[in-house]
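What follows is a set of notes on a single structure, which appears directly below.
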Amino acid sequence: MKKKILCMALVGAMTLSMAACGSKDKEGDPTPTPSATPTESVGNSTPEPTKGGEPSQTPAQTEDFDVAEMVDGILERVQTPAMMPGSDMELTEVYGIPADKVDAYAIRVPMMNVSATEISAFRAASEEDVQAIVDGINARVQALTSQWETYLADQLELVQNHKLIVQGRYVLFVIGEEELSSYAENVFMRKFDPSIEEMVLVRKFHKFQGVIKEMSEDKMVLEYTEEDKVYTFECKYAEYFYAEGGLENFAVGDTVSVTLEEPVPEAEGAMEASLNYIAKVME
C-alpha cells in the first residue's frame, strides 16, 4: 500500500566547539615534561592528529582516574567494529611496553583483522616512564603501517591519522574514524580541563525494530529500546510510504521492522521522523 503524504523530517544538528592546545616535543628531548600552569589555547581550534611519533601534550592537572573505565565509556557511546580487551601479552609483546613502566592500562583492539580501529590508554608508573609508553606506541604504529599499506588503503589512512596525546603520566592512543577519534580526545582532555565543552555525539537511526505506541491515518509513534535506553519517534508517513501487508493490519503493540526515509539524530525527548517502510516482526 502506498500513501502520499507530505514528508516531514526533523534532523537536529549539534556542533562541538572545543578549545584544545598542544605542543610537540623538541627533537633530542622527546620525554614530555608537564608544566604547572596551563598553556593558553587560541580560539576554538582542535589540535591536529599527531603523526610520526610526536605526541601532543598540554599541562596536566587532575586527580587519578580509571583508564579502563574511561575507554569503555567511550566505546559505549561510539559505534565501532567489535572490540576486545588486550591483556599483558598485548601490552608487552604487541606494544612492546615493559609491564613495570605502567601502573594501569586499557587496550581495546578489533576482534576481526579487517579493521585498524584501536584505542588504548595508559597511566605510567612515573613521569620518567611516559617515554617508554610513547616509544611502544610509535613502534605499534610502524607495525600497523606495514600491515595495512599493502592491504586496505582506508584502514592505512586511519593508522596514519592516529592520535597520540600525553597529559602528565597519562597517554591516550586512538586509531579510528573521526567520531571516535574526536570524542575520545574530548573525553580524555576534559579529565584535565573540565572547562572544555563536552562533545555531543549525534546518533543516527535508520533500520531498527520498535513497538507501535500510537497510530493514526497521518502518523505513527514508535518506541525503540536499546541497552535500557528508550527512544521515541513521532513518524509521519513519507511521500512513498509502504506498509507490508497493508496499514490496516497493524495495531498498537505490534513489534515492527522500520526504515526511516531520513536518518534521525538523537535528541532530547521525542524525535520526529519520516516513516518510509514498516513490516511486522514474525514471532
Side-chain angles (χ1 to χ4, degrees), residues 18-41 47-75 83-109 118-145 159 162-176 180-181 183-196:
M18 181 179 74
C21 52
S23 62
K24 296 181 179 180
D25 300 304
K26 296 181 180 179
E27 186 175 355
D29 183 19
T31 304
T33 305
S35 167
T37 57
T39 302
E40 291 184 0
S41 59
E48 293 295 324
T50 58
K51 302 178 185 179
E54 297 180 335
S56 66
Q57 176 192 344
T58 57
Q61 300 290 332
T62 186
E63 299 294 329
D64 287 346
F65 61 90
D66 189 325
V67 293
E69 183 178 287
M70 181 193 72
V71 168
D72 289 339
I74 291 168
L75 293 177
M83 308 289 281
M84 64 180 182
S87 64
D88 288 348
M89 188 276 287
E90 279 74 27
L91 175 69
T92 58
E93 297 183 23
V94 176
Y95 278 82
I97 300 173
D100 62 352
K101 299 296 183 181
V102 301
D103 62 15
Y105 71 90
I107 297 171
R108 302 293 182 265
V109 294
E118 191 166 314
I119 177 170
S120 301
F122 307 85
R123 186 173 66 224
S126 69
E127 290 189 6
E128 290 71 26
D129 294 322
V130 169
Q131 190 60 44
I133 296 173
V134 171
D135 291 344
I137 292 173
N138 287 334
R140 173 66 171 160
V141 170
Q142 291 176 1
L144 289 171
T145 299
V159 174
H162 71 276
K163 287 189 177 180
L164 171 54
I165 307 172
V166 174
Q167 292 285 291
R169 292 193 298 133
Y170 291 85
V171 182
L172 175 69
F173 173 56
V174 188
I175 297 173
L180 172 63
S181 182
Y183 184 65
E185 179 181 6
N186 180 251
V187 171
F188 183 67
M189 294 300 294
R190 292 185 74 252
K191 297 288 186 182
F192 306 92
D193 185 359
S195 68
I196 294 174

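The ring pair (Phe, Tyr, Trp, His ring centres under 6.0 Å) search around Tyr183 returns none, not counting sequence neighbours. Take Ser126 and apply the side chain to side chain contact (heavy atoms under 4.5 Å, CB included) test, not counting sequence neighbours, and it matches Glu128, Asp129. Residues passing the ring pair (Phe, Tyr, Trp, His ring centres under 6.0 Å) test with Tyr95, sequence neighbours excluded: Phe122. Residues satisfying the side chain to side chain contact (heavy atoms under 4.5 Å, CB included) test with Ala104, not counting sequence neighbours, are Val67, Arg123. Take Thr92 and apply the side chain to side chain contact (heavy atoms under 4.5 Å, CB included) test, not counting sequence neighbours, and it matches Ala99. Among residues two or more places apart in sequence or in another chain, the side chain to side chain contact (heavy atoms under 4.5 Å, CB included) test is passed with Ala68 by Asp66, Ala106, Arg108. Residues passing the side chain to side chain donor-acceptor pair (under 3.5 Å) test with Asp88 are Tyr105, sequence neighbours excluded.
Heavy atoms only, all atoms of each residue included: Val130 and Val171 are closest at CG1-CG2, 4.1 Å. Residues Val174 and Ala184 share a closest heavy-atom pair of CG2-CB, 3.9 Å. The nearest pair of heavy atoms linking Met83 to Glu118 is CE-CA, 4.0 Å. Taking both residues in full, the closest heavy atoms of Ile133 and Lys101 are given as CD1-O, 4.2 Å, listed atom of the first, atom of the second, then distance. The nearest pair of heavy atoms linking Gly176 to Ser181 is O-CB, 4.3 Å.
Residues Val71 and Phe188 have side chains not in contact (no heavy-atom distance under 4.5 Å, counting atoms from C-beta outward). Residues Val187 and Met70 form a side-chain contact, since some pair of their non-hydrogen atoms from C-beta on lies under 4.5 Å apart. The side-chain heavy atoms of Leu172 and Lys163, taken from C-beta on, include no pair separated by under 4.5 Å.
To the nearest 0.5 Å, atoms CZ (Arg140) and OG1 (Thr145) are separated by 10.5 Å. If you take NE2 on His162 and CG on Leu144, they are separated by 10.0 Å, rounding to the nearest 0.5 Å. Distance check, rounded to the nearest 0.5 Å: CD of Glu90 to CD1 of Ile107 gives 6.5 Å. A distance of 12.5 Å separates NZ of Lys191 from CD1 of Ile196, quoted to the nearest 0.5 Å. To the nearest 0.5 angstrom, Ile119 atom CD1 is 4.0 Å from Ile74 atom CD1.
The only member of Asp135, Val134, Val102 that meets side-chain contact (heavy atoms from CB on, under 4.5 Å) when paired with Ile97 is Val102.
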- Item | Evaluation steps, side-chain hydrogen bond (donor to acceptor under 3.5 Å, both in side chains), between Asn138 and Gln142 | CA-CA 6 Å; Asn138 287 334; Gln142 291 176 1; over 6 Å; no
